[in-house]
**Student:** 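The structure is given below, and queries will be raised subsequently.
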Amino acid sequence: MEELVIRDADVVDGSGDGAYRADVVVDGGRVVSIVKEAAAAGCQRPKARRELDAEGLVLAPGFIDMHAHSDLALLRDPDHSAKAAQGVTLEVLGQDGLSYAPVDDRTLGEVRRAIAGWNGGGDDIDFDWRSVGEYLDRLDRGIAVNAAYLIPQGTVRALAVGWEDREATPAELDRMRQLVAEGMEQGAVGMSSGLTYTPGMYAKDAELTELCRVVARYGGYYCPHHRSYGAGALRAYEEMVTLAREAGCPLHLAHATMNFGVNKGRAPELLALLDDALAAGADISLDTYPYTPGATTLVAVLPSWAGEGGPGEILRRLADDATAERIRHHLEVTGSDGCHGVPVEWDTIEISGVGDPALTEYVGRTLQESAALRGESPWALARELLLRDRLAPSILQHVGHEENVREIMRHRVHTGGSDGILQGAKPHPRAYGTFPRYLGRYVRELGVLSLEECVAHLTSRPAARLRLADRGLVREGYKADLVLFDPGTVAAGSTFEQPRTLPTGIPYVLVDGRFVIEDGRRTGVLAGRAVRRSPR
């Protein structure tokens, strides 16, 4: 007898088609039978060792988070309620060009410092891996949800070239090609870049094109955080489209937003650019989160020249008064490339987390507010925090536009990504709320998307980008990565004031046919594993 039958569910199967009532049978980690309208038809209903009454609940494929920063969080807390409680059954890690594999002892220490604001310093983690394959093996020891991995181009460059702003030599480029090939062979699904973050931003298009050709050869995709989401946003998007087409590599645009005052109301221009490229045969997808503020680290807004040489050199430059004044000028007058070419507006930058507990008084306030309380300039405070906290502060940037968010999420190649940073005392609520917010606010309350459309955006579309032949749909033979939610009550519980509040209206989540959320609570089951690239 099969393990589980889910009775009388309203199945929204991820295809975009209309919902239907069915009994769904799960066994051996897969959906083995779907009996539509069983009760109404009066036919014999399937039996199993366990029955779950799903009356009033929608059954959908588990959600796929196309942009996650849980690289260490999954190891630190394998229960991972932040995502499991949202109905997420698969995350894509290794984002924005910086993560923890492939590394050697030198680059591991540098990367840990560079992205401490994303993931913490990692003092509580046993870094017993160096390669991509070894990191995926570490995930296989047991995690709540599945995880795929992108090779981080900035980390690759740090390993082969260092943190200098210069072109790679032919030998260094060969080494980067080799590292990317090895990562793909070991199971990565593609490559990411963070082209406003050092050292990845030092790569010219020709270098990126060569690496993308390797990715394409293995059937992967390129996921860039491109060179500007501000003053040069449209040029930056066009650059990535051209680069990917030159390399013959599928393109997935990370957190594809149009931010800062210069881009208010300009989402249609971005979508027209993408539509033209799609009509010409380009293979493009994108992800967004359903919020207006962004999140990153405070050090990320500095000009790229300040980051040359790595974290130690940044601290040295910040400590030097003359150099710090040059940094301030680039931030406040010129428009730092790290701040997307827009002169910084300190009243939009809110400290969301610090590494040093002695600095927690600054969390939850903008740099403008805290500086005014201290009677000093925002730059003086930002500099002090970076020095005292060894580059660890994380920030929210209140620079987005609701009309752009809604316009982009309607597009036919859109997928969902939380960009969720779980570090800090007051992280962005998207880390805990992205997927229920799509369903609650943008489907039920605002009607921006129909329920069927939205579920497709969060399931089958990302599964297709990841080339997962047996995930993303409720179909016989597919993996039983499933979520049951109440369409009338599902909502994000997280807010900017209480960002770690879990969502409501998602009572059941299954990974590999096993309940990781049951009656709205974590079960302790660690059914997730690394999802490796499918052979071509």
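Sequential numbering from 1 along the given sequence is applied to the chain's residues. The basis for the numbers below is simple: all heavy atoms, side chains too, and nothing from hydrogens, waters or symmetry mates.
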**Student:** Could you list the residues that satisfy salt bridge (Lys or Arg N to Asp or Glu O under 4.0 Å) with Arg113, not counting sequence neighbours?
**Tutor:** none

**Student:** The criterion is side-chain contact (heavy atoms from CB on, under 4.5 Å); which residues satisfy it with Thr297, sequence neighbours excluded?
**Tutor:** Trp118, Val299, Ala300

**Student:** List in chain and number order the residues that pass salt bridge (Lys or Arg N to Asp or Glu O under 4.0 Å) with Glu325, two or more places apart in sequence or in another chain; answer none if no residue qualifies.
**Tutor:** Arg328

**Student:** Residues in ring-ring contact (aromatic ring centres under 6.0 Å, His included) with Trp163, at least two apart?
**Tutor:** none

**Student:** Would you please name every residue forming a side-chain contact (heavy atoms from CB on, under 4.5 Å) with Ser99, sequence neighbours left out?
**Tutor:** Asp71, Tyr149, Pro152

**Student:** Is the distance between the ring centroids of Tyr222 and His252 under 6.0 Å?
**Tutor:** no

**Student:** Please work out whether the ring planes of Tyr229 and His340 are parallel, tilted or perpendicular, with thresholds of 30° and 60°.
**Tutor:** perpendicular

**Student:** If only atom types and distance count, is the side chain of His411 paired as donor or acceptor with the main-chain N or O of Val413 below 3.5 Å?
**Tutor:** yes

**Student:** Restricting to ring-ring contact (aromatic ring centres under 6.0 Å, His included), what partner residues turn up for Tyr432, sequence neighbours left out?
**Tutor:** none

**Student:** With sequence neighbours left out, what residues match Thr360 under side-chain contact (heavy atoms from CB on, under 4.5 Å)?
**Tutor:** Val354

**Student:** Only counting residues at least two apart or in another chain, list the ones meeting salt bridge (Lys or Arg N to Asp or Glu O under 4.0 Å) with Asp347.
**Tutor:** none

**Student:** With sequence neighbours excluded, tell me which residues meet salt bridge (Lys or Arg N to Asp or Glu O under 4.0 Å) with Arg106.
**Tutor:** Glu110

**Student:** State which residues pass side-chain contact (heavy atoms from CB on, under 4.5 Å) with Asn263; sequence neighbours excluded, sorted by chain then number.
**Tutor:** Ala233, Met258, Arg266

**Student:** Sequence neighbours left out, what passes side chain to side chain donor-acceptor pair (under 3.5 Å) with Asp174? Give chain and number order.
**Tutor:** Arg177

**Student:** For the backbone of Ala116 and the side chain of Arg390, can you confirm whether one donor and one acceptor N or O come within less than 3.5 Å of each other?
**Tutor:** no

**Student:** Mind running ring-ring contact (aromatic ring centres under 6.0 Å, His included) on His414 and Tyr438 for me, showing each step along the way?
**Tutor:** CA-CA 12 Å; His414 169 266; Tyr438 268 119; 5.8 Å; yes

**Student:** Taking only residues two or more places apart in sequence or in another chain, which ones pass ring-ring contact (aromatic ring centres under 6.0 Å, His included) with His330?
**Tutor:** Trp305

